[in-house]
Amino acid sequence: MMTDSKASDRMLDRRGFVAAGAAVATALAAAGSLTGCAPKGKAEGAASGSFAPEGTFEGGKAMTTLNDGEWKFMECDKGCGGGCVTKALVKDGVVVRTKTDDTHEDSLEYPQFRSCLRGRCAAEFEFGTDRISYPLKRKNWSPEEPHGELRGKDEWVRISWDEALDTIAEQLRKVYTTYGPRAVYYPWDQWGVRSPVLDACGGFMVTWDTCSFGSYLSDLSQLGLPEVSMGGVGTINDRFDIIENSNLIVLYAQDPAWSAIAFAAWNLRAAKENGAEFICVGPFNNASANMLDAKWIRVLPGTDTPFLLAVVYEMLRLDGEQGDIVDWDFVHSYCVGFDDESMPVDAKLDENLMGYVRGDYDGVPKTPEWASPLCGTPVEDITYFAQAVGKQADAVLSHGFAAGRCTGSEDVPQLYLTVACLGGHIGKPGNAYGPYWVDYSACGGENLVKAGSANAGWDVSGCEPLCEPEQVFLATLPGGQIPHVAEENIGGLEAYAAVLDKKYHNVGSPWGGNWKPLEEKDCDIHVIWGERSGGLRAAPNHLLGIEAFRSVDFVVMRDYVPRPDSCYADIILPVRGRQQTEGLSSKREELVYYTEVLNPDDESQTDRWINEQLLERLGYDASKVYTVSPEQALYNQFSGSQLMNEKGEYEPLLTISQDDIDAMGVEGEPQEGVVTLAEFKEKGIYTFKRQAGDVFTHIGLADFIANPKKNPLPSASGKFELYCQAKADTYNMISFDGSQFKPYPTYHEVSPVEGYELRCFNPHYPRAANSFYTNVPTLREAWEAPFLMNVNDAAARGIADGDDVLISSPVGKVLRQVCVTGLIMEGAVGLPNSLWPKVGEDGIDRGGCGSTLVGGKPSGMGMTGQNNAWVRVEKWTGEALEPDSAWQQTIEVTA
């Protein structure tokens, strides 16, 4: 349970902090918190003891009984962006212990990339007793009588691979030849999923959503911001520049101490120790704010637009009164459209942001007094923030994406960029703007070491579709060409309604800025297809999603653990997990090698094998679809791995001999690098050595600042567009509810729903990373996930700390234990992200899934609003909520 005490009162150095965390994890394991993984009373088909706690526990110390075994390298990059090193000690076919990077002494210049408690539970995640070990079929499903109403309730029976694959191939052939590609739906994927099986058949439908990135998913190149939706590494500065040169770091709508626990948080601590001051902005005085002793600027969820408008107003006012707040040279040299002087010559409106915040057009000055009732921020805090981020500071204006994951947040990216531009905090040492501490281990700039491409894609151009192909999401088009981005797909808020109502609104796809004019389209979904799918947790409107899953003819999933989607399937295929593969992953300063940790004695197979089997059954030659062997793909990664030299050129990283090539059974040429393949595989990581001020120190957008004509930004003007006609045209073209947007950011009111007076947001939480880990018994016991509520809001409702509370929204209900705290602001409540649903017969979700509370019709550009759902909270008087640690989602097999 959380308290109001500050972490700064008991701060440790990094070594002590990590050691303390490891001791807690070890104590939990040895004390019996892993009993959920013990094979007692397990259902047939569960994993056969492939994970076990270590040794014995005496006198408060873990007493190892292990004298042998083999250390294997686990792959752990599950949603947090850390890319840390996790090692598993394997003995007699089980993982008995884990550890992290210990290849060298730890320092900022040559860091150990240490895993968090989640990463250390990777083996338990994949090899626990909830593991799916062989093909399963829902007992009462048949092609003639699917009994969809029993999905999520029915029993499961074991079937053979032949029966499972024959059934899937038969259903695919039937649906494609009868209904076409619009009848097959992959209901959740943000990144542009591709399936060789479905593409060969003729294509399929999929969902786009603003889920992770929110309004930052819009085409920000229109504003002049490159790469933001893919990490923003071009806009942010190198970690050493921030540590050495920044005196103010703003963490806007982010909490790396919980969401990016390891390397990123350590760099922030280093900046703090070097004298940097911190400001954290958001509804929650979170772990990062406490760790860094930051000034907390409270802003209610979804009200960042009025807050930032008032900040701009105050920066102008303070600059007029005292000077040295607004960097007018920067505004007029590198921006267009802020004031009359910087307006583009072809502007359609005789208006700009400066005039808007002054109230010149609507008679409403956007003062702190105007904003405070809307955003909940005290007037003096708005003034404090405006003063702090002025041109006199060497400031980093970093952001997460939480403020963008709100209904009504369309203008947040442009507004926060405006604040950075007014202060001149871009393109120079100690000053930067962008999405820090999210991905890429918090390092801006090109990778200093990187893995080679596997070159192991597949080609379905020679496959004749089972139906007439249509231009649906990533469909096979005439001639076998697969488009890079979608022409048609279904928005997140309409995902499940489209299945039930057979209609949706197409706006193209946000990936790559491929927006299309809003158009209502028909669809007729008969098959839902998923591969390790987490849609029923992540997608809005979970309860409607259950209805959608129950309404179709056939649902097939492949997974190695029973995620929410697979529990509503008809057939589940056991796929091998990420700890059963071998390969490389890289961040800016590290290249990590991971191995096959275990190969349990079960029937799981690789995705490739499954695809090959299905392709053959559908009449295709799988050898012509997959043209590169897995061994060759791995070799390509090794041989193509590179590191950057001091001239900024890439050189081979690995020395690979002819003996290495022969041993792998692949084609290739020997090469010279800086480390042998054998040494790299033995250590499991190559870390790029750094030092402060080295030639690899990256200053984001410095080339643009040095010469904007020679190095223009990707916007139409080549500059930062604080008046952006392209943005307005795009938003107005796709506006779901007819809302109109101007080229500069403006306030759009988000009205509360009658009877629902609190705004619910979903903070990232240490127990899980997106859909991963939350079902792991160790983590469920170590991190119970309480509902966060302000002390005054709780008192007004007769709620005490530890009570069970019912949280209701217009689309669903969730039951949670409450944590009453002063760390969350009045009017806001927090339901931790990543929790899996557990819906009872009464329709109440006792698992705490945030998507159960999110839904409704799309507005604006279709924001799903995960972070500002309107809810009411009341004390629960029914049966007490079972602790998360007391249950685990499993697939029960009866025959």
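Fair warning: this is a prediction, and the values are worked out from it, not measured in the lab. The basis for the numbers below is simple: all heavy atoms, side chains too, and nothing from hydrogens, waters or symmetry mates.
- In the displayed structure, Glu754 atom CD is contacted under 6.0 Å by at most 12 heavy atoms of other residues, nucleotides or ligands.
- Taking CD of Glu547 as the reference point, atom CG of Leu544 lies at 5.0 Å (rounded to 0.5 Å).
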Checking side-chain contact (heavy atoms from CB on, under 4.5 Å) for the pair Asn286/Leu251: CA distance, chi angles, key distance, verdict? CA-CA 11 Å; Asn286 57 38; Leu251 301 181; over 6 Å; no
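- Taken from CG in Asp130 to CZ in Arg563, the straight-line distance is 10.0 Å, to the nearest 0.5 Å.
- Salt bridge annotation for Lys727-Asp411: present, with a cationic side-chain nitrogen under 4.0 angstrom from a carboxylate oxygen.
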Let's go through Asn833 and Arg537 carefully: what are the C-alpha distance in whole Å and the side-chain angles of both, what is the deciding distance for side-chain contact (heavy atoms from CB on, under 4.5 Å) to 0.1 Å, and is it a yes or a no? CA-CA 10 Å; Asn833 185 36; Arg537 181 206 67 82; 3.4 Å; yes
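- Counting heavy atoms from C-beta on, the side chains of Gln889 and Pro564 come closer than 4.5 Å.
- Panel note: side chain His764, backbone Ala257; no donor-acceptor pair is recorded below 3.5 Å.
- Using a 4.5 Å heavy-atom threshold, the side chains of Phe772 and Arg578 count as touching.
- In this structure the side chain of Val561 never reaches within 4.5 angstrom of the side chain of Asn775, judged on heavy atoms.
- Aromatic ring orientation, Tyr765 versus Trp783: perpendicular (interplanar angle above 60°, classes split at 30° and 60°).
- To the nearest 0.5 Å, atom CH2 of residue Trp208 and atom CH2 of residue Trp515 are 4.0 Å apart.
- Here the shortest heavy-atom pairing between Val507 and Phe736 reads CG1-CZ, 3.9 Å.
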Step-by-step side-chain contact (heavy atoms from CB on, under 4.5 Å) determination, Arg759 to Thr303: CA-CA 10 Å; Arg759 295 172 171 92; Thr303 66; 3.9 Å; yes
If you apply the rule side chain to side chain donor-acceptor pair (under 3.5 Å), what do you find for Gln222 with Thr730, and how did you get there? CA-CA 10 Å; Gln222 297 171 328; Thr730 300; 2.8 Å; yes
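- With 3.5 Å as the limit, one finds a donor-acceptor pair spanning the side chains of Ser398 and Gln254.
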Show your reasoning for whether side chain to side chain donor-acceptor pair (under 3.5 Å) applies to Thr207 and Tyr185. CA-CA 8 Å; Thr207 304; Tyr185 189 26; 2.7 Å; yes
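- A salt bridge is absent between Asp737 and Lys857: the closest approach of a Lys/Arg side-chain nitrogen to an acidic carboxylate oxygen does not fall below 4.0 angstrom.
- Atoms OG and CD, from Ser212 and Gln866 in turn, are 8.0 Å apart once rounded to the nearest 0.5 Å.
- Residues Val281 and Tyr416 fail the side-chain proximity criterion, which asks for heavy atoms closer than 4.5 Å.
- Between Phe761 and Phe284, the ring planes lie tilted relative to each other; the angle falls in the 30° to 60° range.
- Closest approach of Thr852 and Leu543 over heavy atoms only: CG2-CG, 4.1 Å.
- From Asn762, atom CG reaches atom OG of Ser851 across 7.5 Å, with rounding to the nearest 0.5 Å.
- For Tyr568 against Arg151, the heavy-atom pair with the smallest separation is O-CD, 3.1 Å.
- Between Phe213 and Phe401, the ring planes are perpendicular. Angles over 60° get that label, and only those under 30° would be called parallel.
- Shown here for Leu853 and Gly812, the closest heavy-atom pair between the two residues is CD2-O, 3.5 Å.
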Begin with the C-alpha distance, continue with both residues' side-chain angles, and end with the deciding distance and a verdict on side-chain contact (heavy atoms from CB on, under 4.5 Å) for Asp559 and Arg532. CA-CA 5 Å; Asp559 215 324; Arg532 290 168 296 282; 3.5 Å; yes
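- Residues Lys503 and Asp522 are paired through a salt bridge, judged by an N-O separation under 4.0 Å between the basic side chain and the carboxylate.
- Between Cys467 and Gly202, the shortest heavy-atom distance links the atoms SG-CA, 4.3 Å.
- Here the SG atom belonging to Cys523 is positioned 9.0 Å from the CG atom belonging to Asp501, to the nearest 0.5 angstrom.
- Under 4.0 Å is where a charged nitrogen must lie from a carboxylate oxygen, and between Arg405 and Asp209 no such pair does.
- Of all heavy-atom pairs spanning Asn541 and Gly856, the tightest one is ND2-N, 4.3 Å.
- Counting heavy atoms from C-beta on, the side chains of Leu225 and Tyr433 come closer than 4.5 Å.
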For Thr418 and Tyr744, what are the C-alpha separation, side-chain angles and deciding distance, and is it a side chain to side chain donor-acceptor pair (under 3.5 Å)? CA-CA 10 Å; Thr418 298; Tyr744 57 86; over 6 Å; no
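- With hydrogens and angles disregarded, no donor-acceptor distance shorter than 3.5 Å links the side chain of Asn868 to the backbone of Cys406.
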